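Residue numbering restarts at 1 for every chain, and letters A, B, ... go by the order of the sequence lines. Predicted model, so just to flag it, every value in this text is computed and none were measured.
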Amino acid sequence: MDLQAVAEIMRLKYRYARALDTKDWNELASTLTPDVDAVYGEHLVFDSRDAFIGFLENTLATRLITEHRCSHPEIEFSEDGRSATGVWLLSDTVIIPEDGMLLRGSAYYHDRYSLGEDGCWRISRTGYRRNWETVTPMGESGSVRLTTNRWAMLQQPRAS
Amino acid sequence: MDLQAVAEIMRLKYRYARALDTKDWNELASTLTPDVDAVYGEHLVFDSRDAFIGFLENTLATRLITEHRCSHPEIEFSEDGRSATGVWLLSDTVIIPEDGMLLRGSAYYHDRYSLGEDGCWRISRTGYRRNWETVTPMGESGSVRLTTNRWAMLQQPRAS
Amino acid sequence: MDLQAVAEIMRLKYRYARALDTKDWNELASTLTPDVDAVYGEHLVFDSRDAFIGFLENTLATRLITEHRCSHPEIEFSEDGRSATGVWLLSDTVIIPEDGMLLRGSAYYHDRYSLGEDGCWRISRTGYRRNWETVTPMGESGSVRLTTNRWAMLQQPRAS
């Protein structure tokens, strides 16, 4: 195992998740190749960084809190060491405060990575297959209350 | 620290968890020594791979969704480097759709590993001590709904 | 990346979390520098190991079950390699059995580490910023039941 390359790919994935969940779209773009494929089932497929980030920004920027927790990495390299595949266990949480909805899910990510001319690894393919998913109502009609939300200002702008 | 051996043992544990949770019993068997000890409290004890896998297959094959998320590895090697111990923090989820039950638990795994003649690490002892466990009712009478289940076909076979 | 130092700092963080959650205050003290800064927002600030451990011991010893699950480490070293910073994704659970309360939260830890004269890394600064937090009622009036508690003896001392 090339432990240095494994460590760099793990850092890449953690940076991807942090950028995604803190809604830092420029940082997120820096983790992807321009021609990245992102495949979530049959109906949610993107074939470029611009299309993928555009969708995420549009969907996640204001209404949703997300958390993508990635663990159990199993990384394999191609013979020339310039590309790799990765399987990860995902545990994700999606909170939609205005709809009073808390979603928890489990999936396996199947990623591909490529080593650029600049010596940096980037994600060239990502996507996952769901294992299970639960939905819990939140708020006054539900059993769970949201008591802190770092992005509340984005979600409930004050009247001006 | 022998980082290469630590990385191999972490991969072994991730493969064990993935095989267990995807119900891949052949893959699971390949992660264990034939004389593995599996100890879960006083009353659930196995002293061979065949007995342990037989129990898991019988218990988990159809009715239960499980997820074993392992983190915080603390691996220590014997002086000759051919065996090791590992402490892991486990966060597990068990879902029983037909009973409308969702269990979440926390425990510390205490494992032993041994390096085979073939150069592969395998689990020679596993088991954990529970820290806490919660049970939440699911479905119509509960607050949580199961909205996706990769193994639903196994659990609700169509009438033929 | 100095993988050996990264591995030692990860071990340090896992030992910190295990000591904290198993209420082993001596072990916890061994992970901190004497002048550690611990900063949780504006109102919860400590500037020494004694003050920080005193607070934790007083707050967590008997009434609370805690779990601090740390993942996604991003470790950076100073030029001389004798200090480092770390960002981690925290997923924490706090259970207060006697109040029937289950808290789940997410945050990013921002830590500093320093390499001692004895060759051991210790935490010299810790603290996190909350992303989100939910509270769920437990017990007879709530939807979640606590079915196992390793520390129940501490919480419900027998009458003597």
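With rounding to the nearest 0.5 Å, the separation of CD1 in A:Ile53 from CG in A:Asn26 is 8.0 Å.
A:Thr93 touches chain C through its side chain: at least one heavy atom from C-beta onward sits under 4.5 Å away, while N, CA, C and O do not. Contact annotation for C:Leu89: both backbone and side-chain heavy atoms come within less than 4.5 Å of a heavy atom of chain A. For chain C, the nearby parts of A:Gln4 are the backbone and the side chain; heavy atoms of each come within less than 4.5 Å. Proximity to chain C is absent for every atom of A:Ser71, based on heavy atoms less than 4.5 angstrom apart.
Across C:Asn131, C:Leu3, C:Val87, C:Ile75, the residue that shares the most heavy-atom pairs under 4.5 angstrom with chain A is C:Asn131. When each of C:Arg129, C:Arg69, C:Arg130, C:Arg104 is checked for heavy-atom pairs under 4.5 Å with chain A, C:Arg129 comes out on top.
Remark: the A:Asp24 side chain and the A:Thr22 side chain contain no N/O donor-acceptor pair separated by less than 3.5 Å. Under the 3.5 Å distance criterion, with hydrogens and angles disregarded, a donor-acceptor pair is assigned to the side chains of C:Asp80 and C:Ser78. Side-chain contact of C:Glu76 with C:Thr85: a donor-acceptor pair under 3.5 Å is absent, judged by distance alone.
Under a 3.5 Å cut-off, the side chain of A:Lys23 and the backbone N or O of A:Leu60 do form a donor-acceptor pair. Judged by distance alone, the side chain of A:Arg49 and the main-chain N or O of A:Leu32 form a donor-acceptor pair under 3.5 Å. Side-chain atoms of C:Arg125 come within 3.5 Å of backbone N or O of C:His110 as a donor-acceptor pair.
Between C:Tyr40 and C:Tyr128, the ring centre distance stays below 6.0 Å.
Using a 4.5 Å cut-off between non-hydrogen atoms, the part of residues 6-17 of chain A that approaches chain C consists of A:Ala7, A:Glu8, A:Arg11, A:Tyr14, A:Arg15, A:Ala17.
In this structure, C:Cys70 and C:Leu90 approach most closely via the heavy-atom pair SG-CD1, 4.3 Å.
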